[in-house]
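In this chain, numbering begins with 1 at the start of the sequence shown.
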Amino acid sequence: MTHRLTKLRASIDEIDESLIRLLAERFLVTREVGRLKADLGLEPIDADREAQIEQKARRLALDNDLDADLVIEVLRSIIDRVVAEHQSLTKASDK
């Protein structure tokens, strides 16, 4: 059983590494979006886009037998951080 537990934990570690790499990739893209929004004078918050993301995430969570509320909570945390970065970019471009 110890060998199986070790293998499962190694799988978890690999998945965590993949999640972190994907999160880093997502933030690279969202930072570019934030710079573009700032350059174009667009608002840092796009409620319609956020609603689309949440709706899609909820559907994907259910399709994959995940707790949709948990998925939305995690995604909401990411989106809130992205919006904060976009707001700081907007403030910097206003100077």
Side-chain angles (χ1 to χ4, degrees):
M1 186 165 123
T2 305
H3 177 68
R4 174 112 173 101
L5 181 59
T6 300
K7 286 183 76 170
L8 289 170
R9 286 181 173 165
S11 293
I12 291 169
D13 290 345
E14 289 176 19
I15 293 165
D16 287 347
E17 290 171 17
S18 295
L19 284 169
I20 291 167
R21 280 192 296 276
L22 286 171
L23 189 58
E25 184 179 345
R26 189 184 196 287
F27 272 93
L28 283 173
V29 173
T30 59
R31 286 181 182 125
E32 185 64 26
V33 168
R35 286 189 288 274
L36 185 56
K37 282 181 168 182
D39 290 347
L40 296 172
L42 299 174
E43 291 294 320
I45 296 173
D46 184 340
D48 290 337
R49 175 68 176 144
E50 290 179 26
Q52 289 172 351
I53 291 169
E54 184 174 323
Q55 183 180 23
K56 182 178 180 181
R58 188 171 296 282
R59 180 179 45 77
L60 288 169
L62 294 172
D63 288 349
N64 288 282
D65 198 28
L66 290 170
D67 179 339
D69 291 335
L70 172 63
V71 171
I72 297 303
E73 182 181 329
V74 169
L75 209 49
R76 181 80 257 159
S77 178
I78 293 167
I79 290 170
D80 289 347
R81 180 61 60 99
V82 167
V83 168
E85 286 188 8
H86 289 188
Q87 288 170 329
S88 67
L89 288 169
T90 299
K91 288 176 186 173
S93 70
D94 289 344
K95 292 179 181 181

I'd like to know if the side chain of [X] and the backbone of [Y] have a donor-acceptor N/O pair within less than 3.5 Å.
X   : Y   : answer
S77 : E73 : no
K37 : L42 : no
H86 : V33 : no
N64 : L66 : no

Nearest non-hydrogen partners of L89 and G34, listed with the distance = CD1-C, 3.5 Å

Heavy-atom pair of closest approach, residues A68 and A61 | CA-CB, 3.7 Å

Carboxylate-amine/guanidinium proximity below 4.0 Å for D80 and R76 | yes

Is any side-chain N of the basic residue among R58 and E54 closer than 4.0 Å to the acidic one's carboxylate O?
-> yes

Reported [atom1]-to-[atom2] distance for the pair [X] and [Y], which is rounded to 0.5 angstrom:
X   : Y   : atom1 : atom2 : result
D67 : I72 : CG    : CD1   : 10.0 Å
I20 : I15 : CD1   : CD1   : 12.0 Å
K56 : D63 : NZ    : CG    : 11.5 Å
S18 : L23 : OG    : CG    : 12.5 Å
E17 : L19 : CD    : CG    : 10.5 Å

Mind checking whether T90 and E43 have side chains closer than 4.5 Å, heavy atoms only?
-> no

Are L75 and I45 in one and the same hydrophobic cluster, where Ile, Leu, Val, Met, Phe, Trp and Tyr link if side-chain heavy atoms are under 4.5 Å apart?
-> yes

When clusters are formed by joining ILVMFWY residues with side-chain heavy atoms under 4.5 Å apart, either directly or through shared neighbours, do L36 and V83 land in the same one?
-> no

Report, as yes or no, whether the 6.0 Å neighbourhood of atom CZ on R59 holds more than 12 heavy atoms from other residues, nucleotides or ligands.
-> yes

Near Q52 CD, under 6.0 Å, is it more than 12 heavy atoms from other residues, nucleotides or ligands?
-> yes

Verdict with supporting geometry, R9 and D13, salt bridge (charged side-chain N to carboxylate O under 4.0 Å, His left out) | CA-CA 6 Å; R9 286 181 173 165; D13 290 345; over 6 Å; no

